[in-house]
Each structure stands twice: as structure tokens, then as C-alpha cells.
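In what follows, a structure is listed as C-alpha cells, so that the remarks can point back to it.
Quick note: numbers below take in every heavy atom, side chains included, and nothing from hydrogens, waters or symmetry partners. When a ligand or atom number is given, it counts from 1 through the structure's own listing order.
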Amino acid sequence: MPEWLKDAVFYEIYPPSFRDGNGDGIGDLAGITAGLDYVRELGCNALWLNPVFDSPFLDGGYDIRDYKKVAPRYGTEADLVRLFDKAHRLGIRVLLDLVPGHTSDTHAWFQASCRAEPNEYWGRYVWTDHPFAGIAGHPYISGMKERAGSYMLNFFASQPALNYGWLNRTEAWMSAADSPEALATREAMKDVMRYWLDRGCDGFRVDMADSLVKNDDENKSATAAVWRDVRTMLDHDYPEAALVSEWSNPVQAINGGGFHMDFYLDHVGNGYNTLLRDYEAGGADRSYFRKDSGGDIRRFLDDYLPKYENTRSRGYISMFTCNHDTPRPAWTLSADEMKLYFAFLMTMPGVPFVYYGDEIGMKYADVPTKEGGYQRTGSRTPMQWDHSVNLGFSDAGAEDLYLPVDTAPDAVTAADQEQDPESLLNTARKWIAVRHRYPDLQADAPFAVLSAAGGQDIFAYQRGKLVCAMNPSGTTKQLRDEQLEGKNVLAVTGAAELSEETLILGPQSFALLG
Ligand code: GLC
Ligand code: CA
């Protein structure tokens with residue numbers, strides 16, 4: 001387990017939308033490198049970049065044409081190495097995005113696998129042995145290629161599934177997970193990982209990590225075995241490299257697959273939604289962080305605690321503000337509500353992730369789809385730096401921008417919020433700094449619920465010797481507990497008063513006590 005993860009606070013960057021270094025209207029690696037000082041000032045000491053590889057961009061770059069080539073629109077390999085170098089000088093680690101489950105249908109491996117005659121890449125993707133036979137229960141395409149078979153899709157139609165084999169094999173053409181062709185795919189992916197680790201990257205966020213072995217069992221044990229094998233390679237050759245999975249099942253991903261971290265996504269029924277956007281169609285929003293919503297923290301705890309208890313000795317759950325696939329928190333929360341969410345995120349166990357722009361409360365924009373984004377596009381608009389042209393994102397003409405910038409006169413910007421000590425940006429900075437200051441707030445320090453009454457009464461938890469307490473409601477609340485005796489208020493958003501064993505928290509307030 002890399003030690004640095006204990007104190008890591010990640011910043012996720014969607015590369016075309018962060019900063020344009022050469023004025024062509026699209027964000028790039030030079031722009032990200034120039035923006036690293038901002039990331040450092042925010043207090044983040046790790047980055048996750050969405051795919052920066054050569055791609056036709058039918059799915060925002062998750063459709064890779066060449067794993068070892070930087071997309072020309074973002075720059076060159078030398079630009080990426082410069083980004084790693086500057087990041088490392090600033091004490092920032094960099095994770096790239098590994099997309100192991102599929103490639104673009106323009107990838108050379110896939111093109112070879114489509115030929116009529118068998119070749120080295122025939123087994124690299126999932127193909128049936130007959131063009132008139134489909135793949136029950138899975139999306140597939142037939143009739144488009146010379147090869148007499150149908151091929152399986154992993155996501156969009158442009159993303160054929162790489163072949164890691166099948167656990168439950170019902171057809172003769174299904175490879176076993178330990179067949180030579182499935183093992184060759186696995187080795188090819190390890191080779192990609194080595195390639196970038198050798199050039200200075202610090203690990204990977206792994207896309208659809210649970211999707212590799214098909215017809216896997218309910219514990220995804222065959223897919224987990226592939227990742228344990230990858231983890232063995234890392235432990236041996238790159239012990240400082242970190243892996244975070246897009247799996248959203250930490251028991252399977254961490255305990256089974258050996259991932260260091262697993263994302264706590266916004267899947268239906270997951271605890272994230274109960275915090276930020278807890279509503280049923282047509283009903284009221286009962287999110288815990290919505291002021292006076294009547295939300296109940298126990299709905300989050302019921303989901304989170306068993307996952308935390310079962311995985312805490314082996315790895316970390318990664319909670320986030322949102323990501324490039326989900327609506328931004330500003331969709332449902334006000335700036336004051338987001339301030340409390342940041343305080344919570346930075347004082348919870350595991351490794352937190354901030355999505356670019358959430359630290360200033362960027363909107364979930366109403367924009368047309370771009371590059372396979374569909375409703376996700378609204379969370380991918382350009383970073384809002386200041387009130388210069390295109391909000392500081394790019395010097396290009398507005399019509400050349402990757403996506404439009406927020407044209408509202410009151411569009412939030414980092415520069416404005418810099419000036420205001422109470423802004424969301426400065427509040428996020430404060431709580432990130434607080435996390436770095438106290439080892440008891442970091443990834444592996446113990447967590448225990450101190451008080452979680454229903455409604456929006458104070459929710460309080462212990463982190464090592466510290467206590468965190470929050471009141472998301474619009475009225476003052478009080479908590480009496482002998483654990484509070486002798487403590488002081490170490491940091492606060494809103495208003496907190498502590499006398500002996502009684503804590504009084506003002507409306508929408510969060511306090512750290514120790
Ligand atoms: C993941 C990515 C998403 C992408 C999909 C297919 O969910 O986060 O953006 O479209 O996988 O690769
Ligand atoms: Ca550019």
C-alpha cells in the first residue's frame with residue numbers, strides 16, 4: 001500500500017476543459033501544467049486525468065485508438081512527461097486513466113481481429129464463431145466486418161470488448177480466463193501500465209474495472225483474480241503506484257481485486273445520493289446536505305458503514321464531489337450546502353476526490369451533447385478561472401471552444417472567490433488544509449459514529465482523538481456527549497460553541513473538535 005495515499009487529496013481533470021495552452025479552443029497538457037499551481041494552492045496533492053490518449057473521441061477519449069500515444073489535440077508524450085515533472089516538483093502525483101475493458105474500433109488490434117484470416121489479434125476481442133449467432137444477454141455487432149463472426153461491445157457501438165475470457169462458458173467460442181488469448185490481453189494491458197509508469201505516472205484510475213471476465217460469478221471473482229495479478233506486478237515493480245477502481249463495490253474491488261481504492265459512485269441506491277440528491281421522481285429532495293430537507297444521515301450510514309468496516313484494513317473508499325459522468329453537486333446544492341459537504345468529505349476516512357470546478361461551485365450546464373457525453377456533457381464545461389475572455393479558459397473565439405463557457409454575468413470564477421475569505425473556494429481550501437494538518441483525519445485513521453439521530457440533528461463522528469460535528473439544518477442544534485468534555489474547537493464553518501460537554505452548532509455549521 002503506497003504510504004502517500006494516507007494524505008492524498010485528488011483533483012480530477014477532464015483534459016479538454018481545464019485550460020487551453022495554445023489558443024485552439026481545447027484544453028491540453030500544457031494548459032494543465034500551467035494550472036498545477038492552482039491545484040497545489042487548493043491543497044490537492046494528486047491528480048487524476050481522464051484519458052489523454054489517441055482517440056476518435058466518440059466517448060470523450062474512453063475509446064482509445066493507441067494506448068501509447070498522446071492525443072495530438074492534447075500535445076505530445078514530451079508534454080505529458082513535463083506535466084509529470086512539474087507535478088512531482090510541486091508534490092503532486094498523477095494518475096492516468098486506464099481503459100482495460102475495450103478499445104476504439106479504430107485500434108490496430110481490433111482492425112486486425114476483423115480480418116477474415118486468423119492472425120495474432122484474432123483472440124484479442126470477444127468474437128463468436130458465426131456471423132448469424134449473437135451473444136445472449138450482451139450487446140454485439142454482426143455483419144459489418146469480413147470476419148465470419150459477431151463481436152461483443154463493452155459500452156458504445158464504437159467500443160468492442162477486449163477478451164479476458166469467460167467464467168461460465170456456454171459456447172465453444174468462449175475463451176477461458178486462463179486461455180492463451182485471454183492471458184495475452186492481460187499482458188498487453190500490463191505492458192501499457194508499465195509504459196506510462198516508466199515515464200513518470202504514479203498509477204491509474206481504472207475504467208469499468210469490474211467488466212473484464214464475462215459471465216463472471218456474483219462476486220466477480222474471475223475479474224478480481226485478473227486485478228490481483230496486476231497488483232502483484234505493481235507490488236513487485238512499482239510499489240509506490242496506486243490503483244483506484246471504477247467498480248463501486250469496495251468489498252469486491254479492494255478485498256477481491258486488490259485495488260488500493262474504490263470509488264463510492266452515485267449509483268442508484270448508493271449512499272452518495274442520500275447526501276446530495278435524494279429524491280424520487282416528483283417528490284421532495286430529502287438529501288442530508290440540503291438545508292431543512294428533513295434528510296437522514298442514517299440512510300447514508302446504512303449503506304456506507306458495512307462497506308467501510310469490511311474493507312478498512314485493506315484499502316480505501318474514495319468519496320468525491322462528483323465526476324465527469326455525474327451531475328455536479330451545484331445541480332442540487334447551494335454554495336453554503338456545498339461548504340458543509342466539503343468539510344464532511346475532507347474529514348471522512350478513505351481518499352477524497354474533487355472534480356475540477358466543484359471547488360468554486362460550477363453549474364451543471366444545460367448544453368448539447370459533445371463526443372458521446374449526452375447528459376454527462378453538462379459536467380464537462382470549461383473551467384472558470386476569471387472574467388477575462390472565455391472566463392480565462394482559452395484565447396480562442398467563442399465559436400471555437402470545445403464547449404461553451406458559462407455566459408451568465410454572475411458566473412462563478414476562481415479569481416472572484418479568491419478575494420472572499422468565506423467563498424466556497426476558500427472553504428474548500430481550508431478543509432483540505434485541515435485534513436493535511438491532522439493525521440487523525442486522513443485515509444486510514446479510525447472512524448466511529450458518535451451521534452446520528454434522525455432528521456437533521458447533529459451528526460457527529462470520531463476520527464482518532466478528534467470529533468467532527470455538523471448541522472446542515474437552518475436552526476441551531478445542540479449535542480451533549482461526554483466525549484466532548486475538555487475539547488476545543490479547532491476549525492469551523494458557520495458557528496460553534498463548546499462548553500463542557502455541550503456543543504451548540506449554528507445553522508449550516510460544521511466543527512472540528514480536539
Ligand atoms: C466509464 C467512464 C465513462 C465512459 C465509460 C466507457 O464509466 O467513466 O466516461 O464512457 O466508462 O469507457
Ligand atoms: Ca489547446
Side-chain angles (χ1 to χ4, degrees), residues 10 12-35 48-53 55-65 67 70-76 79-80 83 95-105 107 139 152-162 189 204-212 244-249 253 262-268 270 318 320 322-327 353 355 369-380 382-383 385 389-390 392-397 400-403 405:
F10 275 86
E12 179 194 348
I13 291 180
Y14 192 67
S17 300
F18 192 59
R19 205 171 169 129
D20 177 13
N22 64 353
D24 66 354
I26 188 159
D28 48 42
L29 296 173
I32 294 171
T33 305
W48 155 31
L49 303 182
N50 296 108
V52 293
F53 314 107
S55 166
F57 293 102
L58 294 179
D59 183 20
Y62 283 92
D63 48 330
I64 294 173
R65 178 161 50 205
Y67 287 100
V70 169
R73 75 187 203 180
Y74 297 143
T76 62
D79 291 324
L80 185 52
L83 187 161
L95 300 197
L96 296 178
D97 213 312
L98 183 77
V99 186
H102 47 270
T103 66
S104 159
D105 56 5
H107 194 292
M152 181 170 166
L153 303 176
N154 221 34
F155 199 67
F156 288 153
S158 62
Q159 291 160 310
L162 284 159
M189 215 43 65
F204 300 92
R205 174 269 186 181
V206 179
D207 187 70
M208 292 176 63
D210 61 336
S211 74
L212 303 191
V244 55
S245 48
E246 184 195 30
W247 195 312
S248 210
N249 186 324
D262 183 40
F263 281 116
Y264 194 69
L265 298 176
D266 73 333
H267 292 164
V268 177
N270 203 349
S318 280
F320 60 17
C322 81
N323 73 19
H324 64 290
D325 292 332
T326 75
F353 280 66
Y355 183 55
T369 183
K370 176 93 180 182
E371 297 183 343
Y374 302 100
Q375 74 272 27
R376 305 175 296 182
T377 310
S379 296
R380 299 175 177 185
M383 175 66 184
W385 297 94
V389 65
N390 300 321
F393 163 65
S394 168
D395 298 335
D400 291 329
L401 297 184
Y402 176 74
L403 280 169
V405 297

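A donor-acceptor pair is defined here as one N or O able to donate and one able to accept, closer than 3.5 Å; such a pair exists between the side chain of D20 and the backbone of N22. Looking only at distances, no side-chain donor or acceptor of D400 sits under 3.5 Å from a matching main-chain atom of G25. Under the 3.5 Å distance criterion, the side-chain polar atoms of D63 are left unmatched by any main-chain donor or acceptor of S158.
Residue D20 approaches the Ca ion (ligand 2) most closely through its N/O/S atom OD1. Checked against the Ca ion (ligand 2), the N, O or S atom of D28 at the shortest distance is OD2. Residue D24 approaches the Ca ion (ligand 2) most closely through its N/O/S atom OD1.
For atom 7 (O) of ligand 1, the closest non-hydrogen atom on the protein side is E246 OE2, 2.7 Å. Nearest protein neighbour of atom 9 (O) of ligand 1, counting heavy atoms only, is D325 OD1, 2.7 Å. Nearest to atom 4 (C) of ligand 1 among the protein's heavy atoms is D59 OD2, 3.4 Å. Closest to atom 1 (C) of ligand 1, if we only count protein heavy atoms, is D207 OD1, 2.7 Å.
Atoms of ligand 1 lying under 4.0 Å from at least one heavy atom of H102, given by number and element, are 6 (C), 12 (O). Here is the list of ligand 1 atoms found below 4.0 Å of a heavy atom in R205: 2 (C), 8 (O). Contact atoms of ligand 1 toward M208: 6 (C), 11 (O) (distance under 4.0 Å to a heavy atom of the residue). Heavy-atom contacts of R376 reach the following atoms of ligand 1: 3 (C), 4 (C), 9 (O), 10 (O) (cutoff under 4.0 Å).
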Checklist line | CA sep, side-chain torsions, deciding dist, call: R19, M383, side-chain contact (heavy atoms from CB on, under 4.5 Å) | finding: CA-CA 7 Å; R19 205 171 169 129; M383 175 66 184; over 6 Å; no
Check: Can F320 and W48 be said to form a ring pair (Phe, Tyr, Trp, His ring centres under 6.0 Å), step by step?
Finding: CA-CA 12 Å; F320 60 17; W48 155 31; 8.6 Å; no
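Listed here is the closest heavy atom pair of P51 and P15: O-CG, 4.2 Å.
Scored by the ring-ring contact (aromatic ring centres under 6.0 Å, His included) test, H107 finds Y67, W109 as partners (sequence neighbours excluded).
Between the side chains of D97 and Y62, at least one donor-acceptor pair of N or O atoms lies under 3.5 Å.
Using a non-hydrogen distance threshold of 4.0 Å, E371 does not register as a contact of ligand 1.
Residue contact annotation: N22 places an N/O/S atom under 3.0 Å from the Ca ion (ligand 2). Not one N, O or S atom of G21 sits under 3.0 Å from the Ca ion (ligand 2).
For the pair R380/D325, a side-chain contact is recorded, criterion being any heavy-atom separation below 4.5 Å from C-beta on.
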